[in-house]
Amino acid sequence: MSDFKMIINGQLVDGEASSFDVVNPATEKPFAQCPAASHEQLDQAVAAAKAAQPAWAATPIEERGAMLDKIADLLVEHKAEIGEILAQENGKPLPNAIGEIGGAAVAWTRNTAKLRLPEETLKDDDDALIKVHYKPLGVVASITPWNHPILILIWHLMPGLLAGNTMVSKPSSMTPLSTLKVIELMNSVLPAGVINCVTGEGGLGRKITSHDDIAKIVFTGSTPTGINIMQAAAPTMKRLTLELGGNDAAIVLDDADLEKCADNIFARIFGNSGQTCAALKRLYVHESKHDQLVEMLAERVKKASVGAWNEEGVKFGPVQNKDQFDFVMELIEDTKAKGGNFVVGGKAMDRDGYFIELSIATDVTDGMRIVDEEPFGPIVPVIKFSDTEDALRRANDNENGLGGSIWTADEEKGWELAKRLESGTGWVNQHSQQMPFTPFGGAKMSGVGVEHGLHGLVEYTQLQTLHMNRKGGAM
Ligand code: NDP
């Protein structure tokens, strides 16, 4: 029996396939049990969503938006209690967990609640009326990862619901508990069946991706899983939004003002201990600025406090799970073996938990695993360059294309170079930043489609073109 319950058709239910441990990454020990859904319970959740969808779609969008606003109020009210669960299952420091719920998740919910789907008139004259409008798709499934479980959940659910779809959420089995709590809260506002949540280890996600009654999948996670989802979704032609891996490059030019940008670069590398899809993961620095920037970043690393979610003053937590910890350590060992140098870090911390020191590697180059592969942990390679065109070529020479950035005092040059990055987002003197109104998605292997704002909202709809002949005869 689990301490937490799933939500199907507005009811709190136990998992018929029993329950599983959720591990606190700071202790490596289970701290709670999560229900495991049977495949029949997934079918029940989809059936509940399907039954609730026509009435939800018929509810005026203003009313749906007002309900999302009420959910934002509840997130504010319960941010401390859910933040504590999130911090324990994910490992991030408690203030960050509470901040993600009460800050970004609330802001996204409120901003999404205000969006309205447009109706466009393409022709309106004596001959014909032609319009384009957007209709909900039906039942949408959201599959979320472990790095930002609640923020990403909100990114998926709020536009999906606003557009008139009903939904089934399946959180990562590493971090399912805070999601169960948020969806329980949402059910105190929304009609039964509009949002359902099923949890389970392995197999459940795969069943979702081929389910006949699911019209769309919105997924954030790894590229290999994104490929599996695309393949499984093909026979039923599901709509897909896939936000996948990134290996974002930043290019620091010779005219960059390091005093101005070092804090930001540091934060964009190590925020959430590097476990963010659009974190800064490859740092290309002009040779004239290389040593100075490395020193500035190393100073900041030495002052940074890494520890458990509930330790005083901690800013950075552990890696979220054992597999990820092993992978990051493998990259560290490979870097050392290939002649790379860790100016700070480069080892696990001497304590329980999946803790790795914040690490900066120099004497590294393209072709080494730490540069070519997405580490998704608190390590960054710094690569020296002398020619901007060469740096741009190397930045683009990667299968991923989520984001990228240019750091320079010359706005025009920065803008032009950012346009040439092969990525869904290009930043100048910034990185990772997303806002509720800025479309965000990946180029190349980093995904399909975009999230946020109106561009993101229409991805939860079917565009329909309506023609009316006003002349009566053939046109
Ligand atoms: P996965 O992509 O394996 O898992 C993410 C979600 O997908 C989980 O809910 C998982 O469920 C589910 N899932 C797994 N396999 C399938 C499938 N075949 N069909 C449908 N759903 C499935 O990511 P991981 O959590 O294992 O992390 C692995 C790597 O992914 C990281 O190293 C990192 O590089 C990248 N990643 C990227 C993120 C991003 O924001 N872009 C976020 C997190 C990770 P279950 O937990 O039950 O397996």
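The structure presented is a predicted model; accordingly, all values stated were derived computationally and were not measured. Indexing begins at 1, ligand by ligand and atom by atom, following the structure's order.
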Derivation and outcome, salt bridge (charged side-chain N to carboxylate O under 4.0 Å, His left out), residues Asp248 and Lys281: CA-CA 5 Å; Asp248 287 16; Lys281 294 178 182 137; 5.8 Å; no
Evaluation steps, salt bridge (charged side-chain N to carboxylate O under 4.0 Å, His left out), between Lys5 and Asp14: CA-CA 5 Å; Lys5 308 264 185 219; Asp14 290 315; 2.8 Å; yes
Quiz: residues 421-429 side-chain donor-acceptor pairs under 3.5 angstrom, not counting sequence neighbours:
from	atom 1	to	atom 2	distance (Å)
Glu422	OE1	Lys444	NZ	2.8
Ser423	OG	Thr425	O	2.8
Trp427	NE1	Gln433	O	3.1
Asn429	OD1	Thr408	N	2.9
Asn429	ND2	Thr408	O	2.9

Sequence-distant partners of Glu201, side-chain hydrogen bond (donor to acceptor under 3.5 Å, both in side chains), two or more places apart: none
Every residue of the protein that comes under 4.0 Å of ligand 1, judged on heavy atoms: Ile143, Thr144, Pro145, Trp146, Asn147, Lys170, Pro171, Ser172, Ser173, Gly200, Gly202, Gly205, Arg206, Thr209, Phe219, Thr220, Gly221, Ser222, Thr225, Asn228, Ile229, Glu243, Leu244, Cys277, Gln324, Glu374, Phe376
Mind listing the side-chain donor-acceptor pairs of residues 78-88 below 3.5 Å, one per line with the distance, residues two or more places apart or on another chain?
from	atom 1	to	atom 2	distance (Å)
His78	ND1	Glu81	OE1	2.8
Gln88	NE2	Glu84	O	3.3

Salt bridge flag under 4.0 Å for residues Asp372 and Arg282: no
